[in-house]
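Worth knowing before you read on, the calculation uses all heavy atoms, side chains too, and leaves out hydrogens, waters and symmetry mates. Protein chains get the first letters and strands the later ones, always in sequence-line order, with residue 1 at the start of each.
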Amino acid sequence: MKQNEKILHIPKIDLGIVIDHIPAGQGIKILEIISKYEEMKDVVVSLGLNYESAKLGKKDLIKLQMEYLSPEIIQHISIMVPGVTIKAIKNYKVHSKVVVQPPKEIKSLLLCKNPNCITNTEKHVPTLFRTTDAEGKKVKCNYCERIFDLHELETVV
Amino acid sequence: MRKDLISMEDLEKNEIQEYLTMAEKVEAMPLEERVKLLPGRIMAAMFFEPSTRTRLSFESAMHRLGGSVIGFAAKDATSVAKGESFTDTIHTVESYSDILVIRHPGEGTARLAAQESYLPVINAGDGANQHPTQTLLDLYTIRKDLGKIEGLKVAFVGDLKYSRTVHSLIRALMKFNVTDFTLVAPETLRLPEYFMHSDEPGRFRFHETERIEVAIQECDVLYMTRIQRERFPDLVEYEKVKDSYVLTAEMLSEAKDHLRVLHPLPRVNEIAYDVDNTKFAGYFPQARNGVIMRQAILLKHLGVTL
């Protein structure tokens, strides 16, 4: 069976968002991220796992029946699972697509792990981190200037 | 020009040099001329934690420029004690003054204040993070005493793990092409590894030793630090290392003629009093330079050119 025929196993959408090229096993992780956002509560979501992929060997795929994915959610996905493709579908066709890369600046998402950082006492101050390496695995707090591994930081949502 | 002075990490070498040049001009100026530079200007000294020399040297600096000072020296004396947020305190005090000098135990506080306020903000120490005015006065002292910074051999002694002064000065010296560092510290207080990394592998040499004698013989600057009791969660650990290094006049007999012993002060017992009377002792002039450098900083950030 060809790859395209397999993809048809989850419903085609005339209008929506497809998150493609998710490394196999990471689809659940993206689903977890999405489910944290209130605005996604009533959105119809289809998740496909372990499709064959020329590029990745195996991949996961998510379809969202909604018109617009917020920049906050895209930022969140790009940090946790960089390299996925996010496509906007209109009339069953790809209208636009973007390969998301870890951002240079991460706003209002990560919590600083340094208990003495001012963002942990002045809770109304939005956090801001900047990546310090090309892969985006290390981030520096704009305030206390400490450097952390991205994966050790918790998120606000 | 930058509105604020928050972190040495923000400054390029040429910006650091501008502060040094400004301090030179200030020092060359007679006191009776200096006092005419900032009449009617008000500095708010917002010290949320205790400090003696930083606060007093800033206050002295402003008074001797003809300006005046308002402020507080402990957070118990402010509305913060009543539950006011830091940002609200900033917005209130900014309407009373022309420049904010802030010391706070929370790391990143000065950066936050700078974002919140339209006034220039000077970081006078934010927790264990940054203390840029100390670093600038250290650089000024080194250049004044030894005629240059580039190419000097600098040794750091004592608490190299927790001392923000050391961290900040090492970074700044690297910008000035100081490539040869000797680090003298007990095992538990060594300089964190990441400070020794650079984008140019092999350019900088960090020689780690537990023997202070090695540093004395080889270096041009011997930067002593206090083992900071307040940084130790376990006082038993503090007791083990507190007297690791005590510099005495006798130990300096092997030193280069022009060696300068510096210390950010306060000292506890890491420099014996008999060192004070040797030609090597540079720490009290260093403290005096604090007023000059802080005058340069106040002038620069209040838009005065000399």
Side-chain angles (χ1 to χ4, degrees), chain A residues 36 70-76 78-80 82-83 101-157, chain B residues 4-11 46 48-49 75 80-81 83-91 102-117 121 123 125-132 135 161-162 164 167-168 170-172 192-199 228 230-231 233:
Chain A
K36 286 179 179 174
S70 75
E72 289 78 27
I73 299 177
I74 295 176
Q75 174 184 251
H76 201 159
S78 71
I79 293 158
M80 298 305 172
Q101 298 300 344
K104 293 209 162 45
E105 286 198 344
I106 304 166
K107 287 177 190 159
S108 309
L109 178 67
L110 303 170
L111 291 170
C112 188
K113 217 179 156 189
N114 171 10
N116 206 24
C117 178
I118 191 69
T119 57
N120 285 317
T121 41
E122 299 275 314
K123 296 280 188 193
H124 60 284
V125 176
T127 62
L128 174 62
F129 289 83
R130 292 192 178 87
T131 49
T132 61
D133 59 337
E135 299 88 46
K137 289 190 174 149
K138 287 197 180 287
V139 289
K140 182 178 182 182
C141 175
N142 174 56
Y143 294 94
C144 71
E145 303 186 16
R146 298 267 179 107
I147 294 173
F148 301 96
D149 286 334
L150 186 57
H151 69 80
E152 62 179 324
L153 297 179
E154 290 185 16
T155 57
V156 180
V157 287
Chain B
D4 315 292
L5 174 59
I6 305 301
S7 165
M8 288 305 292
E9 297 284 306
D10 298 339
L11 302 181
M46 305 173 71
F48 293 84
E49 69 172 4
K75 80 168 189 223
V80 173
E84 184 178 55
S85 74
F86 174 74
T87 49
D88 280 2
T89 309
I90 294 295
H91 289 306
I102 300 174
R103 155 76 62 104
H104 194 288
E107 289 151 28
T109 326
R111 176 88 61 199
L112 175 62
Q115 282 170 202
E116 290 284 325
S117 180
V121 172
N123 186 3
D126 61 329
N129 184 31
Q130 286 276 335
H131 192 6
T135 307
K161 183 177 180 185
Y162 296 109
R164 66 182 168 196
H167 299 168
S168 188
I170 288 178
R171 286 269 197 233
E193 281 285 332
Y194 59 86
F195 274 98
M196 299 181 216
H197 290 163
S198 127
D199 296 339
Q228 303 173 85
E230 62 272 25
R231 303 276 184 225

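- A 4.5 Å side-chain heavy-atom check between B/Thr87 and A/His124 finds at least one atom pair inside the cut-off.
- Taking CD of B/Gln130 as the start and SG of A/Cys144 as the end, the distance is 11.0 Å to the nearest 0.5 Å.
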### Task
Go through A/Glu145 and B/Arg164 one step at a time and tell me if the salt bridge (charged side-chain N to carboxylate O under 4.0 Å, His left out) criterion holds.
CA-CA 12 Å; A/Glu145 303 186 16; B/Arg164 66 182 168 196; over 6 Å; no
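- Between atom CZ of residue B/Arg111 and atom SG of residue A/Cys117 there is a gap of 11.5 Å, rounded to the nearest 0.5 Å.
- Interatomic distance, A/Ile118 CD1 to B/Leu112 CG, rounded to the nearest 0.5 Å: 6.0 Å.
- The environment of A/Glu154 atom CD is sparse: at most 12 non-hydrogen atoms of other residues, nucleotides or ligands sit within 6.0 angstrom.
- One finds the CD atom of B/Glu107 at 10.5 Å from the CG atom of A/Asn120 (value rounded to the nearest 0.5 Å).
- Within the 4.5 Å cutoff, the side chain of B/Glu9 has heavy atoms near those of the A/Lys140 side chain.
- A/Asn116 contributes a side-chain N or O that, together with a main-chain N or O of B/Pro105, makes up a donor-acceptor pair within less than 3.5 Å.
- In the model, B/Gln115 has a side-chain atom that pairs as donor or acceptor with a side-chain atom of A/Asn142 under 3.5 Å.
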